[in-house]
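The residues of the chain are indexed from 1 along the displayed sequence. Values reported hereafter were calculated over all heavy atoms of this structure, with side chains retained and with hydrogens, waters and symmetry mates removed. Remember, predicted model here, so these are calculated numbers, not experimental data.
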Amino acid sequence: MYTVFLAGGMASGKSTVARMLEEKGAYRIDLDCISRDVLAPGSGCVQEIVRAFGEDVVDQKTGRLNRHQLAMQAFATPAAAKKLEAIEMPYIIRTLKETLVEVSLKEDAPAVCVVEVPLLDRIESLLMLADEVVAVVSPYELRKKRAQLRGVSLKDFEQRVAGQPSDEYLRSKAATVIDNSKDEDLLATYVNAWWDALMTKLDMRH
């Protein structure tokens, strides 16, 4: 199984590329979904968060995280944000490793597995698990426009992008960079070309 880490900042088009690849037959794993799974009520991760940030970050009846309350505390200072990340990341990383093994051992294991990675710099220790890192990049102003069209406030966009790795960082880690500065048709052309080249390479291995 050929494992691709697909990285890109907010509104870069990363999820669009992941969808295109999934339609071509790639197995898709979204790290955002994994991060939500590890925060399920009663999970070890949630229990650690409660110990670190207090009982009021969970609903006492349902055990669900009160994300607003947690965000107010966790993002109040850089130190608090790092504390939350230090709790969450080991669970996310372990779950990703387990998922990759499960997928690769399936009877009908896919030829390609694509992992959507919103914060590549946070999982640098896992880069050896990827056969290739692909980065989707797009100009900042265009990303801002796309995010606002999706209903994201300018303040939220700016805060989230500030916490994400730069395009320069992504380019330095990626074997392939896909430019998404035009329309979706051109993006599909780039994705198709990359996929076709990969299929040829994988065929040559057999």
At their closest point, which heavy atom of [X] faces which heavy atom of [Y], and how far apart are they?
{"X": "Met1", "Y": "Pro110", "answer": "CG-O, 3.4 Å"}
{"X": "Cys113", "Y": "Leu100", "answer": "SG-CD2, 3.8 Å"}
{"X": "Arg122", "Y": "Gly163", "answer": "NH2-O, 3.0 Å"}
{"X": "Arg36", "Y": "Arg67", "answer": "CG-NH2, 4.1 Å"}
{"X": "Ala80", "Y": "Gln73", "answer": "CB-O, 3.5 Å"}
{"X": "Phe5", "Y": "Leu127", "answer": "CD2-CD2, 4.0 Å"}

[X] side chain to [Y] backbone, donor-acceptor under 3.5 Å:
{"X": "Asn66", "Y": "Asp59", "result": "no"}
{"X": "Thr176", "Y": "Val134", "result": "no"}
{"X": "Gln60", "Y": "Glu55", "result": "yes"}

Subject >> Pairs flagged by side-chain hydrogen bond (donor to acceptor under 3.5 Å, both in side chains) wherever residues 8-17 is involved - sequence neighbours left out >> reply: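 Qualifying pairs: Ser15-Glu116.
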Any [X] side-chain heavy atom under 4.5 Å of [Y] side chain:
{"X": "Pro118", "Y": "Asp32", "value": "yes"}
{"X": "Met20", "Y": "Trp195", "value": "no"}
{"X": "Glu22", "Y": "Val114", "value": "no"}
{"X": "Thr3", "Y": "Leu129", "value": "no"}
{"X": "Tyr2", "Y": "Glu132", "value": "yes"}
{"X": "Phe53", "Y": "Leu84", "value": "yes"}
{"X": "Val38", "Y": "Glu88", "value": "no"}
{"X": "Gln47", "Y": "Arg51", "value": "yes"}

Could you see if [X] belongs to whatever hydrophobic cluster contains [Y]? Use Ile, Leu, Val, Met, Phe, Trp, Tyr and a side-chain cutoff under 4.5 Å.
{"X": "Trp194", "Y": "Leu186", "result": "yes"}
{"X": "Val177", "Y": "Val133", "result": "no"}
{"X": "Ile123", "Y": "Leu39", "result": "yes"}
{"X": "Val137", "Y": "Val161", "result": "no"}
{"X": "Met10", "Y": "Val115", "result": "no"}

Distance, nearest 0.5 Å, that separates [atom1] of [X] from [atom2] of [Y]:
{"X": "Lys155", "Y": "Gln159", "atom1": "NZ", "atom2": "CD", "value": "5.5 Å"}
{"X": "Ile34", "Y": "Leu31", "atom1": "CD1", "atom2": "CG", "value": "5.0 Å"}
{"X": "Asp121", "Y": "Ser166", "atom1": "CG", "atom2": "OG", "value": "9.0 Å"}
{"X": "Ile92", "Y": "Leu119", "atom1": "CD1", "atom2": "CG", "value": "9.0 Å"}

Original post:
Could you walk me through whether Lys145 and Phe157 pass the side-chain contact (heavy atoms from CB on, under 4.5 Å) check?
Top reply: CA-CA 10 Å; Lys145 185 177 175 182; Phe157 172 78; over 6 Å; no
Subject >> Partner of Ser138 under side chain to side chain donor-acceptor pair (under 3.5 Å), chosen from Arg146, Lys182, Arg143 >> reply: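 Passing option: Arg146.
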Subject >> salt_bridge(Glu102, Lys106) N-O dist < 4.0 Å >> reply: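 Result for this pair is no, no salt bridge flagged.
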Original post:
Should Lys82 and Glu85 count as an ion pair when the cut-off is N to O under 4.0 Å?
Top reply: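 Here Lys82 does not pair with Glu85 in a salt bridge, since their nearest N and O are not under 4.0 Å apart.
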Original post:
Could you go step by step and tell me if Arg19 and Glu23 meet the salt bridge (Lys or Arg N to Asp or Glu O under 4.0 Å) rule?
Top reply: CA-CA 6 Å; Arg19 173 177 51 77; Glu23 288 169 356; 3.6 Å; yes
Original post:
Passes side-chain contact (heavy atoms from CB on, under 4.5 Å), Leu21 versus Val112? Steps please.
Top reply: CA-CA 9 Å; Leu21 295 175; Val112 180; over 6 Å; no
